[in-house]
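The next block holds one structure in the form of structure tokens; read it before the comments.
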Amino acid sequence: MGDLKHIVVAKFKEGVIVDELVEGMEKMVLDIQAVEYIEWGHDIESNEMLTQGYTHVFSMTFRNSEDLTAYLGNPSHVAFSTTFTEAIEKIMLFDFPAVIVKASA
């Protein structure tokens, strides 16, 4: 088993400037030691039926569940969550231990 992943899949409300939200998220995670790293992106080609309107994915990596708990309770995260929540139309969230499989060379 690998690290613990925290995945957020979101559809933002009309008119939300996502780049500003992402900038705020990047600043937030830089201040929180528990976050190993963050990756994010937006859908570029999927069929609307398959995405169900979701447009962006945010993935954070933590060493363990204690680090995820520390992140979730961090005042910077709590404050940013209010801003993020107000900007989303719908959201899915997953926390799971990563199982990494790599094909042999």
Side-chain angles (χ1 to χ4, degrees):
M1 249 196 258
D3 299 319
L4 188 67
K5 298 289 186 174
H6 176 70
I7 307 292
V8 175
V9 182
K11 176 182 180 183
F12 294 100
K13 293 177 181 174
E14 191 71 32
V16 168
I17 301 171
V18 178
D19 289 342
E20 289 177 4
L21 271 177
V22 170
E23 185 177 302
M25 182 179 290
E26 289 174 353
K27 287 178 183 177
M28 174 197 61
V29 298
L30 287 173
D31 292 336
I32 301 176
Q33 297 273 331
V35 179
E36 286 289 299
Y37 59 90
I38 182 174
E39 299 172 285
W40 71 274
H42 62 88
D43 184 64
I44 55 172
E45 295 184 16
S46 295
N47 180 306
E48 171 71 22
M49 181 184 79
L50 299 175
T51 64
Q52 298 179 28
Y54 292 96
T55 56
H56 290 75
V57 176
F58 303 89
S59 173
M60 292 185 189
T61 301
F62 300 88
R63 287 182 295 273
N64 51 49
S65 60
E66 291 81 12
D67 284 354
L68 174 59
T69 300
Y71 163 75
L72 294 173
N74 185 289
S76 293
H77 172 259
V78 172
F80 181 77
S81 291
T82 300
T83 301
F84 192 81
T85 300
E86 291 172 356
I88 58 172
E89 183 172 319
K90 60 184 191 172
I91 189 170
M92 289 191 299
L93 179 89
F94 299 94
D95 295 315
F96 61 94
V99 177
I100 301 171
V101 178
K102 183 176 180 179
S104 58

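- The side chain to side chain contact (heavy atoms under 4.5 Å, CB included) search around Ser65 returns Leu4, not counting sequence neighbours.
- Partners of Ile17 under the side chain to side chain contact (heavy atoms under 4.5 Å, CB included) rule, at least two apart in sequence or in another chain, are Glu20.
- Note: His56 and Phe12 have perpendicular aromatic rings, judged against thresholds of 30 and 60 degrees for the angle between ring planes.
- For Tyr54, the ring pair (Phe, Tyr, Trp, His ring centres under 6.0 Å) criterion is met by no residue, not counting sequence neighbours.
- When the side chains of ILVMFWY residues are joined at heavy-atom separations under 4.5 Å, either directly or via intervening members, Phe96 and Val57 end up in a single hydrophobic cluster.
- At a threshold of 4.5 Å between side-chain heavy atoms, the hydrophobic network of Ile, Leu, Val, Met, Phe, Trp and Tyr places Met60 and Phe80 in one connected group.
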Pairs of donor and acceptor atoms involving the side chains of residues 81-91, under 3.5 Å and at least two apart or interchain, shall be tabulated with distances.
unit_1, atom_1, unit_2, atom_2, d
Ser81, OG, His77, O, 2.8
Ser81, OG, His77, NE2, 3.2
Thr85, OG1, Ser81, O, 2.7
Glu89, OE2, Lys11, NZ, 3.3
Lys90, NZ, Gln52, O, 2.3

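- Residue Leu68 holds its CG atom at 11.0 Å from OG1 of Thr61, rounded to the nearest 0.5 Å.
- For His6, the side chain to side chain donor-acceptor pair (under 3.5 Å) partners two or more places apart in sequence, or in a different chain, are Asp95.
- Placement of Leu72 and Leu93 within a single hydrophobic cluster is found when ILVMFWY residues are connected by side-chain heavy-atom separations under 4.5 Å, directly or transitively.
- Heavy atoms only, all atoms of each residue included: Asn64 and Asp67 are closest at OD1-N, 2.8 Å.
- With sequence neighbours excluded, the residues forming a side chain to side chain donor-acceptor pair (under 3.5 Å) with Asp43 are Ser46, listed by chain and number.
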Give every donor-acceptor pair under 3.5 Å between a side-chain atom in residues 21-39 and any protein atom, sequence neighbours left out.
unit_1, atom_1, unit_2, atom_2, d
Glu26, OE2, Trp40, NE1, 3.2
Glu36, OE2, Arg63, NH1, 2.1
Tyr37, OH, Lys5, NZ, 3.4

